[in-house]
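Written out below as C-alpha cells is the structure these notes cover.
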Amino acid sequence: MAKPVNAKRPKDLGRTVRSLLAYLGHHKLLFALVGALAAASALANLLGTYRIKTVVNQVMEDGSTAALVRAVAVTAAIYLVGALATLGYTQVMVRAAQKVLSEIRRDLYAHLQTLPLSFFDAQRRGDLMSLFTNDVDTISDALNNSFSSLIQSFIQLVGTLVLLFALNWRLSLVVAAGYLAMFLYIRYSGRRSKFYFQRQQAHLGELDAYIEEMTAGQKVVKVFNHQQASLDGFLRRNDALREAGTRAQAYASTMIPAVVSISYVNYAVIAVLGALMVIWGWSDVGSLASYLVFVRQSAMPINQFTQQGNFLLAALAGAERIFGVMEEPPERDEGTVVLVNVCRAEDGSLRPCREKTGRWAWQDTAHPDAPLVPLRGDVRFHDVTFGYRPGQTVLHDVSFYAKPGQKIAFVGSTGAGKTTITNLINRFYDISGGQITYDGIDIGRICKEDLRRSLGMVLQDAHLFTGTVAENIRFGKLDATREEIERAAEIANADSFIRRLPQGYDTMVTGDGANLSQGQRQLLTIARAAVADPPVLILDEATSSVDTRTEALIERGMDRLMEGRTVFVIAHRLSTVRNANAILVLEHGEVAERGDHEDLLRQRGRYWQLYHGMSELS
C-alpha cells in the first residue's frame, strides 16, 4: 500500500538535486545562456568596482577634467554592459523556468495516470493537488529567483576575494576571517531551517487536503451543524503549519542580519587598518578606495546566497515530494492479449480488419498464429482469493460464472465483498489466488486497457466533468459522433430531459453536475456507458438515492442498456434483482447462497431473511 504523500520525508537530497538537474538539462542552451549573461553581469560589476582604483589614482596624478571624464566614461560603459546582461538573463530565465515547470507538471500528471488505484486509496485529493500548486510553485520561485542569482553571486564572491587579495593581501586575511564566520553561521542556520522547511511543506499539503475535503462536503457539514468542529480541525492544522513555518523562518531569517552585522564589523576594521597602511605608505589611496567598496560589496553575494538558500530549501522539500510520487511504481500490465476489430472471411473465420464492423475478438500478440477468440462476455471466477493488504483476506475461494447475456446480482451486507468482485473484474487490483477468466482467457493475460475497454460501469456515485452534456456522454467513447451520443441518450432514457435543458446537448455541466438533479446525473452516466457499447456491464445500483418515479425512469434506461449484455449488479434494493438469472448472496467474502429469486426464497436462508426484512442490506 502506498504511503500518503504528506508522510514523505526527504531521504536523499542528492537524488532530488540530480532529478531536478535532469529537467534543467533538457534546455541546456537556454540555461547556458542564462549562466553566460549572469557571469557577464557579475564580471562587469567586479570590473567596474576595480576601476575605482584607476579613476582615483589617475585623477590624483593627472588632475585634469578630461582624464576624469575618460575614466568615468569607460567605467559607465562597463556598468551599462552589466545592466544589459542582467536584463537579458532575467528574460531568458523566465522562459527557461516555465518550460521546466511545464515538463514537471506534465510528467507528474502523466505518471499519476499510470498508478494503481491502491495508490489513490492511500491519498487525499488535496495532498495530490498540493503537488501541482504549492510544491511546483516553490520550484518556480527557486528557478526564477535563485538559479541566475547563485551563478552571479558565486562569481562575485570568488572574484571579490581574488581582487581583494590582488589589491592588498594583508587586509584580505582579516576579510577571510570574517567570511569564515559568516559561512559557519550560515551552515548552522541552514541545517536547522532545512528540517523545518520540510515539515512546513508537509503541513501545507495536509492543510490543503483538509480545506478541499471540507469544501467538497460543505452540505454535510451544515446538515449536522459541524461548522465549529470543521473550524477546529482547520485551526489545528493551521497552527501546525504556523509553528513549522515560524521555526523555518526563525532560523532562515537570521542569516541575512547575521551576515550584514559581521560585514559591518569587518568593514570598520578594514577601514581603520587600511587608513593606517596608507599613512605608513604600505598602500595607495586609489587601492584603498577600491578595496573598501569591495569589502562593502562582499556581503552582498553572501546575502544573496543566504536569501536564495531559503528558496532552495523550500524548493527541494517540494521537489522531494514531487519526485517521490513520480518514483512510485506504475500499475503493472504484462498482458499480451488485445482487443481487435474483426470481420468474417469467406471461409467463415474471423480476421482483423481496420473498418468498424461492431465485431470484436481477442488476439494474443505473443502468439500471432493462435486463433482469434470472439468477444462474447463470458466471465468466470475460479476459487478466487483476495485481500487489499497482506494477511487481511476479503474474498475466500469465490467461484461463480456469468454466461454471455446473463444478469448476475450480488447482495449482502456491507463489507461482504460485492464491490471488491467488480474491482477484480476490471483488474483494478490483482488477485492473491485462483483465476478469473474472460471468454476462457485468464484476465492476467489481457492488456488492462483492452480489458477495461470491453467493460462498462455505472456507479452509484454519478461523477460528471466540467463540460457540455454531450462531452460528458462522449467520455465513454472519445470518438463518438453526435448521432451516437444522441442514440446512447435515447437508450438511457435521457434524451427527453436533455432536450429540455437551456442549450440541450450543449448545456454546460458544472460543479460535478450541481445544476442537474440526482436522477438526471445518473441518466447521463448510463448514457456514457451506452455510448461505449460494451459487452459486459457492471452496475453499482444507481437508484438507491432517488425517488420512486425517477427510479422507474432510471431502471427503464438500465433495462434497455442491459439487453443482450452480460451484467453484474451490486444490489442495494432486492426489488431490482428479481429478474436476475442468478443472485449471489455474499457473507464475509464467501458465496453463501446462489440461485434465482424463487430458488433462494424456497431455501429460506440468508436471502429469505434479507427479503423479509429480518436482516439489513446495504
Side-chain angles (χ1 to χ4, degrees), residues 376-386 393-426 431 433-440 443 455-460 534-544 548 551-552 554-618:
R376 298 182 299 119
D378 185 296
V379 180
R380 298 171 185 261
F381 275 51
H382 307 274
D383 300 319
V384 170
T385 299
F386 171 76
T393 305
V394 177
L395 297 180
H396 306 268
D397 299 323
V398 172
S399 298
F400 65 87
Y401 60 87
K403 295 180 179 179
Q406 282 191 328
K407 178 180 178 182
I408 308 298
F410 302 109
V411 300
S413 56
T414 300
K418 305 185 295 296
T419 301
T420 297
I421 288 177
T422 61
N423 286 336
L424 296 181
I425 296 174
N426 273 286
I431 60 178
Q435 186 184 46
I436 304 174
T437 60
Y438 191 163
D439 290 331
I443 64 170
L455 302 170
M457 291 192 74
V458 179
L459 302 175
Q460 183 180 2
V536 177
L537 274 175
I538 299 172
L539 307 176
D540 187 352
E541 190 177 322
T543 61
S544 59
T548 306
E551 177 184 359
I554 294 175
E555 286 187 348
R556 285 199 296 272
M558 288 197 297
D559 287 341
R560 296 175 67 179
L561 180 61
M562 289 187 292
E563 289 179 3
R565 308 177 197 271
T566 305
V567 181
F568 296 95
V569 179
I570 298 176
H572 297 273
R573 295 180 182 176
L574 292 181
S575 59
T576 63
V577 300
R578 293 173 62 103
N579 61 343
N581 298 101
I583 301 171
L584 275 67
V585 182
L586 297 174
E587 283 297 323
H588 306 298
E590 299 178 346
V591 179
E593 299 174 6
R594 177 187 174 118
D596 60 26
H597 176 71
E598 299 299 333
D599 288 339
L600 292 176
L601 287 181
R602 282 194 294 270
Q603 293 179 27
R604 297 179 67 85
R606 178 64 172 158
Y607 183 82
W608 184 86
Q609 293 177 342
L610 293 170
Y611 186 76
H612 289 284
M614 299 174 67
S615 297
E616 294 183 356
L617 175 67
S618 59

message: Under the criterion side chain to side chain contact (heavy atoms under 4.5 Å, CB included), I'd like the reasoning laid out for Leu586 against Ile421: C-alpha separation, chi angles, the key distance, then a yes or no.
response: CA-CA 10 Å; Leu586 297 174; Ile421 288 177; 3.7 Å; yes
- request: Dump the intermediate steps for side chain to side chain contact (heavy atoms under 4.5 Å, CB included) on Asp596 and Ile583, then the final yes or no.
  value: CA-CA 6 Å; Asp596 60 26; Ile583 301 171; 5.7 Å; no
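Between the Arg594 side chain and the Ala582 main chain, no donor and acceptor come within less than 3.5 Å of each other. With hydrogens and angles disregarded, no donor-acceptor distance shorter than 3.5 Å links the side chain of Ser399 to the backbone of His382. The closest donor-acceptor contact from the side chain of Glu593 to the backbone of Leu600 lies at 3.5 Å or more, if one exists at all. Using a distance-only test at 3.5 Å, with no hydrogens or angles considered, no donor-acceptor pair links the side chain of Asp378 to the main chain of Lys403. Thr422 places no side-chain N or O within donor-acceptor distance of the main-chain N or O of Ile538, the cut-off being under 3.5 Å. Looking at Lys407, its side chain never comes within 3.5 Å of a backbone N or O of Val569 through a donor-acceptor pair.
Distance CZ/Phe381 to CD1/Ile408: 11.5 Å, rounded to 0.5 Å. Between the CG atom in Leu424 and the CD1 atom in Ile443 there is a gap of 7.5 Å [rounded to 0.5 Å]. Atoms CG and CD, from Asp397 and Glu590 in turn, are 7.5 Å apart once rounded to the nearest 0.5 Å. Here the OG1 atom belonging to Thr566 is positioned 9.0 Å from the CG atom belonging to Leu537, to the nearest 0.5 angstrom. Atom CD1 of Ile431 sits about 10.0 Å away from atom CG of Leu395, to the nearest 0.5 Å. With rounding to the nearest 0.5 angstrom, the NZ atom of Lys418 is 12.5 Å from the CG atom of Asn423.
Applying side-chain hydrogen bond (donor to acceptor under 3.5 Å, both in side chains) to Asp599 and the options Arg602, Gln603, His597 leaves one that passes, Arg602.
Aromatic pair Phe410/Phe400: ring centres closer than 6.0 Å.
Contact of the Pro534 side chain with the Arg565 side chain is registered, since non-hydrogen atoms from C-beta on lie closer than 4.5 Å.
Residues Tyr438 and Gly377 come closest through the heavy atom pair CE2-CA, 3.7 Å.
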